[in-house]
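What follows is one structure encoded as structure tokens, with my remarks underneath.
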Amino acid sequence: MALSASQLNVGDSYSELIVDDLTRTQIVQYAGASGDYNPVHTDEKFVTEVAGYPTVFAHGMLTMGMTGRMVTNYVGDGRLTYYGVRFTSQVWPGDTLTAAAEVTAVRDEDGRKLVDLDIVTTNQDDRPVLTGKATARLDE
């Protein structure tokens with residue numbers, strides 16, 4: 001069930017654990033699903049010896065997708081009118097991520113009720129790995 005405007009206030013927040021101990025298998029599965037086989041995500045030898053990273057790391061879009069699931073769990077399916085993010089830090093195998101949304105506005109636009117959200121996903125060290133904004137339609 002989707003949220004209604006009467007249920008929300010500026011400052012309300014919602015959060016979810018979106019992945020506990022991200023595995024290399026999950027990263028490779030995402031590579032297969034997305035078709036993004038960039039070796040920085042899948043090839044340990046390349047990433048350590050050529051690219052200079054300590055290990056492979058997750059696709060930004062994997063983090064965005066998991067965070068987006070948190071947003072739709074909060075506002076309801078089929079409600080997003082805007083979702084944009086910025087990747088602020090890499091996500092490594094073994095990371096645990098928590099995503100949170102905070103209500104910044106509940107408003108009317110063109111006869112529709114909307115909610116604006118600030119979004120942040122943090123790792124187990126409370127370091128932001130993604131920040132963003134979303135807007136969703138609300139019930140009256």
Counting N and O atoms only, with roles assigned by atom type, does the side chain of [X] sit under 3.5 Å from a partner on the main chain of [Y], one being a donor and the other an acceptor?
| X | Y | value |
| --- | --- | --- |
| Thr122 | Arg127 | no |
| Asn123 | Asp125 | yes |
| Tyr83 | Lys133 | no |
| Gln7 | Ser4 | yes |
| Arg24 | Val56 | no |

Parallel, tilted or perpendicular, as decided by the 30° and 60° cut-offs, for the rings of His41 and His59: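 It falls in the parallel class, under 30°.
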ask   = Can you say whether the rings of Trp92 and Phe57 are parallel (under 30°), tilted (30 to 60°) or perpendicular (over 60°)?
value =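 Perpendicular: the ring planes of Trp92 and Phe57 meet at over 60°.
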Are [X] and [Y] in one and the same hydrophobic cluster, where Ile, Leu, Val, Met, Phe, Trp and Tyr link if side-chain heavy atoms are under 4.5 Å apart?
| X | Y | answer |
| --- | --- | --- |
| Met61 | Val129 | yes |
| Val91 | Val40 | no |
| Val71 | Val120 | no |

Are any of the side-chain heavy atoms of [X] and [Y] separated by less than 4.5 Å?
| X | Y | result |
| --- | --- | --- |
| Thr67 | Val85 | no |
| Pro93 | Thr23 | no |
| Leu17 | Thr96 | yes |
| Tyr74 | Val115 | no |
| Leu117 | Glu102 | no |
| Arg137 | Leu114 | yes |

Correct closest heavy-atom pair for Ala31 and Thr42 would be CB-CG2, 3.9 Å
Item checked: Closest contact, heavy atoms only, Thr63 versus Leu97 ->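 In terms of heavy atoms, the two residues are closest at CG2-CD1, 4.2 Å.
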Can you confirm whether more than 12 heavy atoms, excluding those of Arg69, are under 6.0 Å from its CZ atom?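 Buried by this count: over 12 neighbours within 6.0 Å.
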Next on the checklist: Using the rule given for side chain to side chain contact (heavy atoms under 4.5 Å, CB included), can you reason through Leu138 versus Leu8, listing the C-alpha separation, both sets of side-chain angles and the distance that settles it, and then say yes or no?
Outcome noted: CA-CA 10 Å; Leu138 298 170; Leu8 293 174; 3.7 Å; yes
Can Thr98 and Glu16 be counted as having a side-chain donor-acceptor contact under 3.5 angstrom?
no
Which of Thr81, Thr104, Asp116 passes side-chain hydrogen bond (donor to acceptor under 3.5 Å, both in side chains) with Thr135? Answer is Asp116
Exercise. Salt bridge between Asp139 and Arg79, side-chain N to carboxylate O under 4.0 Å?
Worked result: yes
(message) I'd like to know whether Val75 forms a side chain to side chain contact (heavy atoms under 4.5 Å, CB included) with Tyr14, so could you lay out the CA-CA distance, the side-chain angles of the two residues, the decisive distance to 0.1 Å, and finally the verdict.
(response) CA-CA 10 Å; Val75 301; Tyr14 175 81; over 6 Å; no
